[in-house]
Amino acid sequence: MADFLTTTRTSYDALAAEHAGLVQSSFDDLPLDRSLFATFAELVRPTGRPVADVGCGPGRVTVLLAELGLDAFGIDLSPGMLALARQSYPELRFEEGSMLALDVPDGSLGGVLAYYSVIHVPWEQRAAVFAEFYRVLAPGGVLMLAFQVGEDQVRRTEYGGTALELDVYRQRPDEVAGLLRDGGFELWMTAVRGRAEWEKVDQGYLIVRKPATTTGVRSG
């Protein structure tokens with residue numbers, strides 16, 4: 001397993017053990033995020049296919065997608081986070097896995113949500129992750145990303161007294177959009193919102209689609 005996958009998994013296992021309250025979130029203080037989840041659901045629903053919440057953590061977004069009428073399931077590296085998700089939302093499906101090698105058949109998903117999960121992927125490995133998302137999406141399928149905006153790499157060494165070893169890679173929305181286009185996706189929407197009072201930087205969002213017909217050769 002790549003080093004960043006190991007350290008990410010270990011850090012989130014530690015967080016799950018010490019901070020079970022992470023599972024609680026209504027997103028009432030993030031109206032744009034809630035609105036974008038609804039938009040994502042509207043775009044995905046006509047495909048009639050399942051949706052993967054990749055990097056689902058404790059399942060707080062997976063359950064919102066299900067409430068929006070999607071056949072949503074979660075995938076995460078961390079067994080500890082998955083245990084929290086299964087305990088909190090036993091009616092939903094949660095699987096252990098890596099976004100670099102999803103255990104999902106080609107072209108089987110109507111949507112992929114990566115909500116603040118690509119932020120732990122080294123910049124040079126983003127194209128491989130986006131290629132994996134492209135692989136699992138059906139033609140016409142939708143990908144939504146959320147991330148912190150910036151150009152720097154930040155090392156997190158603790159959270160609430162819990163020791164971590166987490167690298168956070170901030171993203172430039174135009175650069176991410178270019179990588180997605182190079183990977184064969186069609187850009188549907190990009191947005192940036194200003195930082196909330198508890199955030200240090202602006203936040204970025206992208207929604208892209210796999211073309212409904214994929215007869216051309218994609219780059220990357």
Side-chain angles (χ1 to χ4, degrees), residues 1-25 27 29-30 32-33 52-62 74-85 94 96-102 112-133 143-180 183 190-206 220:
M1 182 180 286
D3 287 346
F4 84 91
L5 295 177
T6 301
T7 56
T8 300
R9 181 181 63 184
T10 300
S11 293
Y12 276 101
D13 278 348
L15 283 173
E18 300 295 333
H19 301 278
L22 287 169
V23 79
Q24 304 299 327
S25 179
F27 289 89
D29 53 352
L30 294 171
L32 176 60
D33 297 56
D53 178 12
V54 179
C56 65
R60 64 196 186 110
V61 180
T62 320
I75 300 174
D76 202 272
L77 275 175
S78 164
M81 285 291 173
L82 291 169
L84 283 181
F94 296 97
E96 186 175 343
S98 163
M99 66 179 67
L100 280 168
L102 296 168
V112 170
L113 174 68
Y115 186 75
Y116 293 98
S117 52
V118 298
I119 63 172
H120 301 305
V121 177
W123 290 308
E124 66 274 13
Q125 296 200 46
R126 288 176 299 181
V129 168
F130 297 157
E132 186 67 350
F133 292 163
L143 167 65
M144 176 176 161
L145 305 176
F147 48 84
Q148 295 100 336
V149 174
E151 298 181 332
D152 48 335
Q153 175 183 348
V154 179
R155 171 61 62 93
R156 294 293 302 270
T157 58
E158 70 88 28
Y159 177 88
T162 300
L164 306 173
E165 191 178 346
L166 269 179
D167 287 317
V168 174
Y169 297 85
R170 292 173 178 158
Q171 314 285 328
R172 290 172 44 206
D174 56 344
E175 182 182 19
V176 176
L179 288 170
L180 290 165
T190 182
V192 174
R193 69 165 172 83
R195 70 196 72 175
E197 61 183 25
W198 64 87
E199 295 169 331
K200 295 182 179 180
V201 295
D202 294 346
Q203 309 297 304
Y205 308 85
L206 278 141

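Excluded from the calculations below are hydrogen atoms, water molecules and symmetry mates; all remaining heavy atoms, backbone and side chain alike, are included. Keep in mind that what you see is a predicted model, and the values were worked out from it rather than measured.
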Ala196 backbone acceptor or donor facing Glu199 side chain under 3.5 Å: yes
Gln203 and Gln148, any side-chain heavy atoms less than 4.5 Å apart: yes
Residue of the set Ile75, Asp53, Leu113 for which side-chain contact (heavy atoms from CB on, under 4.5 Å) holds with Thr62: Asp53
Side-chain heavy atoms of Asp33 within contact of Tyr115, under 4.5 Å: yes
Evaluation steps, side chain to side chain contact (heavy atoms under 4.5 Å, CB included), between Phe94 and Leu84: CA-CA 10 Å; Phe94 296 97; Leu84 283 181; over 6 Å; no
Nearest non-hydrogen partners of Tyr205 and Arg193, listed with the distance: OH-NE, 2.7 Å
Closest approach of Asp76 to Cys56 (non-hydrogen atoms, all atoms of both residues): OD2-N, 3.2 Å
Sequence-distant partners of Glu124, salt bridge (Lys or Arg N to Asp or Glu O under 4.0 Å), two or more places apart: none
Residue pair Asp13 / Gly80: nearest heavy atoms and the distance that separates them: OD1-N, 2.8 Å
Minimum heavy-atom distance Met81-Ala16, with the two atoms named: N-CB, 3.7 Å
Nearest heavy-atom neighbours spanning Phe4 and Val121: CE1-CA, 3.9 Å
Results of salt bridge (Lys or Arg N to Asp or Glu O under 4.0 Å) for Glu175 - residues two or more places apart only: Arg126
Minimum heavy-atom distance Arg195-Val201, with the two atoms named: CB-O, 3.1 Å
